[in-house]
Each structure stands twice: as structure tokens, then as C-alpha cells.
There are 4 protein chains.
Amino acid sequence: MSKTEKLYDKEKKRINIMQAALKIFSRKGYSPAAVDEVVREAGIAKGTLYLYFQDKEDLFFSTIMYVFDNLASNMESNINESANPLEILESLAFCQLQFFSQNRDFFGIFQTVLNENLLSTHKKMFNEILKKKMGLLDYESKIVDRGKREGFIRKDIETQDIVISFDGMVGNTIKLMGCSGDPVAAVNVENRVKSIMKILLQGVADKKGWA
Amino acid sequence: MSKTEKLYDKEKKRINIMQAALKIFSRKGYSPAAVDEVVREAGIAKGTLYLYFQDKEDLFFSTIMYVFDNLASNMESNINESANPLEILESLAFCQLQFFSQNRDFFGIFQTVLNENLLSTHKKMFNEILKKKMGLLDYESKIVDRGKREGFIRKDIETQDIVISFDGMVGNTIKLMGCSGDPVAAVNVENRVKSIMKILLQGVADKKGWA
Amino acid sequence: MSKTEKLYDKEKKRINIMQAALKIFSRKGYSPAAVDEVVREAGIAKGTLYLYFQDKEDLFFSTIMYVFDNLASNMESNINESANPLEILESLAFCQLQFFSQNRDFFGIFQTVLNENLLSTHKKMFNEILKKKMGLLDYESKIVDRGKREGFIRKDIETQDIVISFDGMVGNTIKLMGCSGDPVAAVNVENRVKSIMKILLQGVADKKGWA
Amino acid sequence: MSKTEKLYDKEKKRINIMQAALKIFSRKGYSPAAVDEVVREAGIAKGTLYLYFQDKEDLFFSTIMYVFDNLASNMESNINESANPLEILESLAFCQLQFFSQNRDFFGIFQTVLNENLLSTHKKMFNEILKKKMGLLDYESKIVDRGKREGFIRKDIETQDIVISFDGMVGNTIKLMGCSGDPVAAVNVENRVKSIMKILLQGVADKKGWA
DNA sequence: TATGAATGAGCTTTCATTCAT
DNA sequence: CATGAATGAAAGCTCATTCAT
């Protein structure tokens, strides 16, 4: 076996372990998840895990990053930078919803890690992840600003408020999608995106609501 | 001292402990928070805690419920049932934002507890809390439905989608309020509610966005 | 029970644990000794040990210091500072031999701890102990110097060489006392001290040896 | 390549590994030294070590024996059996001091291994090594006895006491030589031997000390 | 023969819970 | 009622040893 193949093999094994870790961490969160459970899920011995990861925290950190990177590359390949700003926002919503609907386990771990209070002891990791999350918000801000300049988005609402609202609508949809546990919920992704965009753009007011 | 006064005393002590627990759980989450820290914060002996609560889980559960009930009574006293549906939604947003902006610690624990994945081991508690959370969503659904009937809210968007969006906008605002750590952010609550309602009702689209 | 009595009690318990630790550490050295063995020997639960000592290293460190202090106070109470320098040296030898003959377990741990190579990972402790050991050598140096000034000890041999030799004679006697495992060896302490002093002072040369 | 050459090669590899082991064991002692460190130092794979040694204990044992044999052959080639007893003792001291001053690493491992308490779990090894050590003491005893018979050494001091003292003087000099870490200390070996012999033979007493 | 990834028993340490005072 | 010392199950992690390549 060549050296390249070996490296590839090692990476595949790391990923196998991270996928097991993801399942456990998603179900239980960080602290209550035992390394023993992860290695049982991964079908390896305890010592083996420590050949691939420094410690439990590194395993958690790496797993999160792995998921993030999956999501990021998923987004990158789905977003057409030259599209109009509203289409880009729609793509962002669609990518996130589809990604999490197809990777149910992933969201739990996100919620865990983005809750800063859990992470006062994992500063390094938290900062790196917050940076990534903030990166998404920044990107959305730029899109919204462009939308304003190009006449797609009204200028009398703070960009920040728009982004927080949009992000919250998408995030809450994901969260409640996860709650239902409904395996066919995936098919509704397109409809849900449509609804989110309709609300975001046109609002929910009827005649009297515009008063 | 009368029997009633004694009971009152006992309840005051329970509350004192729960307030200490809240601080600790908010800062650290459930598992990493040590009972030792709670009793130190509360200024009592470790054994004493177990006179008032069955175990750590019961302490957590009770603390969450205590906070929920605080929020609920806060809402009840602020909402005018006879107001129009949009005003009620605005009140709901306002109450939540104000409550959490004044009780920063409270939100962390909420995030923790509402992440179902953390709670597979605390089924009993989770169900009760989910019931409360769903209670709020149900209430919002009823308001939205009334809004539709009374001509305030357009009928071509699913009530569920509206509620999820609204709830997400409010929740994300709270979450990011917590992130900033900005002590004067509290003063913006009214503005933020205004933004949320404007987006929810009228949407963010400009000319081209309505195409 | 008064507060003073409680403190006294706590100290007695610490000592009880250190005595158990001494037995185990003496038999096995630091690393191979399991905390489990110590707590079994002490008749306590594992957690209890950690109420009295920060960690295994602290237990080891404290135990060594406890022994050192025992030896030191034993010496202090046996040495008459106003005696002539040779008598003081004799007392020093006698105290050490007697102490270790009565506390066989103690010597093994001394050998372990004074072997610097074992301690590269326990710098803090090692330095403190080396300081104590060097303190004894310094004290002996001063006595020898006084002996030279007062005409008891010849001036043509370096003080350092004398001290190292004296210390080595005493130390090796202790070491081999420990080897024999002979329980009645204790009675010979006085004879052994006499021999050491005779050799140290007069040397072993016969007629031809003085050539 | 002939069969003899192959065997020779194998032995060279064993020695290479033992030299690496010596460095590591000397620095850290037995337990804290990791097999990993030894193989890294030796530049071989972990599995390879187990082709040459049964287990870690065997590696340690063999390494000690290797050093002992080095010292022994060093002594044998330096000692003139027909010299007078005092010269032989001087040679013994000189050989040991010189050997360890030139092989600083060696002494640490000696201290470790000669501390019987560390070795209750390595009985087999301990006995073999004790036998060698006692062999040296026995040899010294014979020399001292001959010295008594031939009129070099006074007869009123037990041979055993003389040997223990001599051995202790030499051993402590080596130990403190190691402590200082002084790289030029090596040059003093001759002076130190002279001092040891002077003290051993003539004693340190001045006029009043002979009283 | 040489390799080094995999193993799992065994280690130190933590912490929710109990109970004699 | 209140205390806090004692408990021991369970956690994270290490490392001597094996074995398929």
C-alpha cells in the first residue's frame, strides 16, 4: 500500500470515528457523552481513539469542525455568487434546511456548541466556532446590503435586524424539524423555504395589518 | 411562628437555592455544574440541598420550572387578551425580550433545556418542559388564526410557518443579545420589537423584491 | 466536639493516611504504587484520600515531608548544640541510624526521593527536599569547620570530603541495615555508631598502612 | 554474510537498544520511562524491541546487567591482583569513580536498581543484581581481611564495618558528583580518591580528636 | 525480520449522594 | 432541621504488549 493510500486510510478512519462521535454527542451533548460510548459506536478500542484525537475535547472540536466544513462546502457548491441577493438568501436557507434535514444528528450538536454558556471551559474551540458562525452572519449582512443598494431590499430597516430575523427563521425551522422526528419532513424543505422567503419579503400582514 | 409562616420560610429557602442553581447552571450548563458550586453560591451545606430537592436532576427541573413560571406570570400580567392579535404578538415579543434582557442568566439555561438532545436521559423533565414550550407555540398559533379571521394576517401562509418564523425571530434576537454581552443593549428592546414586527408584517422587500 | 478538637482530628486522619502511604511507597516507589493500595491500607474510600490531599503527587510530597520533619525534630531534641563537634557528629549518626532502624519503611522512600533522576517530573517537590537534604550537609559542614578551628579535626582534608565521607558511611550503614531485614539489628546501633566514629576519626590503617 | 556475522549483528542491535534504554531509564527511572521513548531514542519500531527483549522488565534487567558487566570488566582490567590490599582498595574506588564520572547516566539507574524497595515486583532481577553487588562487597571483605593479616589494616574494627564505610564513602562521592552536574568534576577523581583513602586510613582526628 | 496500528486492563481523579452527628 | 466528611461508581486517559502486514 502506498504512502498516499495510507494517509487516505487514516483520514477515513478519523472520519469514521467522528461520525460515531457525532451520533453520541448529538444524542447526549458533550459532558454526558462517554468516550466509551463513542468507541463502542465506532467499533474500536478506547486506546485507538486516542491515536486519532488528543483528548475528548479535541474529538468534540474536530467533529464540530468536520460538520461545519461539510455544511460550508455544501453551501459553496450550491450558491451562485452572481445571482441576485434574494436568490442567494433563498439558497442559504435552502442549503441549511436541506443539509440538516438530511443530517438530523448534526443539529443537536450545533445547538450545544453555539450555546456559549456550555463552553466557558472550551474557549479555544468556542472562539473558532463563533468565528465561523459570525462569518455566516457577516456574509448574510453583505448580501442584504447589496440587496439594499440594488433595490431589492428596503433601506429603512437595519441590516442587522434583517439578518437576525432571517437567521432566526431558518434556525427555528431546523430546530422544530428536528423536534418532530418526522422522517418525511425532508420533502417539505422547498415549501418551507418558500414560506420563509415569502414572510421575509412580503410580511404576513393582511389589509388591517398594514394600518 | 405559625405553620403558614414556616411553610413560607421553607419556600423562600427553596427559591434561594434555585436562584443560586440558576446562576451556576446558566454559566455552565447541566452536567459541568457541580452541586458543590450551587451550595457554595447558596451559602448552605451540601446535605441541606438534598432536604429541599430529591437530586441534581430535580434541582435542575425545579429551577427551570421556576424560571418558566416567572416568565409566564410576567407575560400574563402584560398581555391584554382583548387587544388585537398583532398587539398581542408584539406584547409576546416584548415580554420575552424584556424578561431575558433583564435576566441574562436565564436564557442560557433555556437553550440548554430546549435542546432535546441533551435531555434523552431526563425524559420526564423534558416532556413537561416541551409541553410548556409547545403551550406557548399553541397560544401563538391561536392568536395568528384569530388574526387571519379578523383580517389582520394574510391567509395564504400556513399558520405554523408564521409562528415558527415569529418565534425564531424573537429567539434569535434574545440569543444574539446574550452574545454581545452589551449591558446597555437592554434599552433597545422596544426598537428591536418594532423591527421584528415591521419585518414580520410588511417584509423587507423593496420595489424589485416584490417582483 | 470543639473546633480545635476537629482540627486535631483532621490532622490525625491525614497522618493516618500518610502512614499508609509511607508503607506502600516504601515498598513500591512512587509510580508503581497505586492509590488504591494506599486507601486499602489506610482503610478509607478512594474519594476520602482526595479530601486530604490534592493528588497522588501531593500525597507523596506530604508523606516525604512528614518523615523529614519527624527525623528533623528527632535530631533537634537529641543534639546538644553546646557539645563538642565530635559528639555532635556522633549524635547525628546515632539519630539517623536509630530513626531508620526503628522506622524501616522510611528509608526506602528516602532513597527513592533523593534519586534525582526519578524526579524530573516533580521539580517543585524535588527542590524542597534537596534543600532539606543540603541543609543537613551544610549543618555538618559547619560542625566540621568548628571542629577544625577548635583542634578536633585535622585541617589538611577538605571539609567537603569529610562531610561526604561521613554522610556516606552513615547512609550506607542505613541502606545495608535495611537490606538485611534483621529485626534485632536495631540493638547494634550504638556499636555501629562507635565503629563509624572510630573509622572516621582514627582511620583503619595498621602499622604498614601508615607508610 | 556468515552465521557468526549475523549473530554479531544481532548483538550489536541489542546493545544499541540497551544504550538507548539506559539514557531513558537513567533520566526517568523504570516506571515513568515509556517503551515508546526508548524505541524513539533507538530509532527502531516498537515491535522490533520485542524481538530482542521479552518485555520492559527484561529490557531493564538486561540493560542493568550490561552496565554492570561494563563496570566489572573495567575493574578487572584495572586491578592488579598482586598489589597490596590498600592499593587494591584505592583501585576499586578509582575505577568506580572514574567509570561513573565518565558515564554519568549510569549512576541514576544504579541507585534505582539498588533500592530494593523498588524491586519487590522484579524479584528475579533484584536477586541477580543483589548477588553482583554483594559480590563486590564480598571481594572487598576479602581484601580487607588480607589487609588485616598482612598488617596494613587494624584488627580491632569489624571487617564488615570497614567495608560498609568504604563502600559508602565511594558511593556518596559518586552520588554527589552526579548532583553537582559539574562537567569538569571528572578531573578531580584522583584527588577525591586520595581524600577517601586518607580519611579511611588515617582518619580525620586532630590532637584533641584522639582523646 | 521489521513494522506501527490496534488493543484493553489499569491508572488517577471527580462528584452526586448518604448519614452519623 | 442542618451539617459536611465519607463514599464508590464511573469517568478520561495511558501504555506495555500483540499481530497482520
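Below, chain A is the first sequence line, B the second, and so on; all start at residue 1.
- Between B:Phe25 and B:Ile64, the closest side-chain pair of non-hydrogen atoms is not below 4.5 Å.
- Listed by chain and number, the residues in a salt bridge (charged side-chain N to carboxylate O under 4.0 Å, His left out) with D:Asp58 amount to none (sequence neighbours excluded).
- In terms of heavy-atom proximity, B:Asp55 sits nearest to B:Tyr50 at CA-CE2, 3.9 Å.
- Looking at heavy atoms from C-beta onward, C:Leu22 lies out of side-chain contact with C:Tyr66 at the 4.5 angstrom threshold.
- Residue contacts shown for D:Phe53 are absent, as no nucleic acid heavy atom lies under 4.0 Å away.
- Closest approach to the D:Leu51 side chain among E:dA2, E:dT18, F:dT14 is made by E:dA2 (side chain taken as heavy atoms from C-beta onward).
- Rounding to the nearest 0.5 Å gives a distance of 13.5 Å between CZ of D:Phe60 and CE of D:Met18.
- Applying a 4.0 Å cut-off to non-hydrogen atoms, none of the residues of residues 11-18 of chain C approaches DNA chain E.
- With rounding to whole Å, A:Lys28 atom NZ is found 11 Å from F:dG12 atom P.
- D:Tyr52 does not carry D:Lys13 over the face of its six-membered ring by the limits of under 6.0 Å from the centre and within 45° of the normal.
- Take the nearest nucleotide of DNA chain E for A:Gly47 and for B:Lys56: the residue whose nucleotide is more 5' is A:Gly47.
- Both A:Gln54 and B:Leu49 lie close to DNA chain F; mapped to their nearest nucleotides by heavy-atom distance, the more 5′-ward contact belongs to B:Leu49.
- For C:Tyr50 and E:dA16, the OH to C1' distance is 18 Å, given to the nearest whole Å.
- For the pair D:Tyr30 and D:Glu57, the minimum side-chain heavy-atom distance is below 4.5 Å.
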Dot-bracket pairing map - DNA chain E, Watson-Crick plus G-U, both contacts under 3.5 Å, | cross-strand: .||||||||||||||||||||

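- Looking at residues two or more places apart in sequence or on another chain, you find a side-chain contact (heavy atoms from CB on, under 4.5 Å) between C:Lys12 and C:Tyr8, C:Asp9.
- OP1 or OP2 of E:dT3 sits under 4.0 Å from a side-chain N or O of D:Thr48.
- In terms of position along DNA chain E, the nucleotide closest to A:Ile44 lies nearer the 5' end than the nucleotide closest to the other residue of the pair A:Ile44 and B:Asp55.
- Side chain of C:Lys56 to backbone of C:Ser31: a donor-acceptor contact under 3.5 angstrom is found.
- Straight-line distance from the CG atom of B:Asp58 to the C1' atom of E:dT17: 14 Å, rounded to whole Å.
- Counting distance only, with no hydrogens placed and no angle test, the side-chain atoms of B:Lys46 and the base atoms of F:dT3 include no donor-acceptor pair under 3.5 Å.
- In this structure, C:Lys132 and C:Asp69 have side chains that are in contact, with non-hydrogen atoms separated by less than 4.5 Å.
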Can you give me every donor-acceptor pair (side chain of residues 37-44 of chain B, partner residue at least two apart or in another chain, under 3.5 Å) with its distance?
unit_1  : atom_1 : unit_2  : atom_2 : d
B:Glu37 : OE1    : B:Ala34 : N      : 2.9
B:Glu37 : OE2    : B:Lys28 : NZ     : 3.1
B:Glu41 : OE2    : B:Lys23 : NZ     : 3.3

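- For the segment residues 34-42 of chain B, no residue has any heavy atom less than 4.0 angstrom from an atom of DNA chain F.
- The side chain of D:Lys10 contributes an N or O atom lying less than 4.0 Å from OP1 or OP2 of E:dT1.
- C:Lys10 contributes atom NZ, which lies 13.5 Å from atom CD1 of C:Ile15 (distance to the nearest 0.5 angstrom).
- Here the P atom of nucleotide F:dG12 and the CD1 atom of A:Ile24 are 12 Å apart, to the nearest Å.
- The shortest distance between the side-chain N/O atoms of C:Tyr52 and the OP1/OP2 oxygens of F:dA6 is below 4.0 Å.
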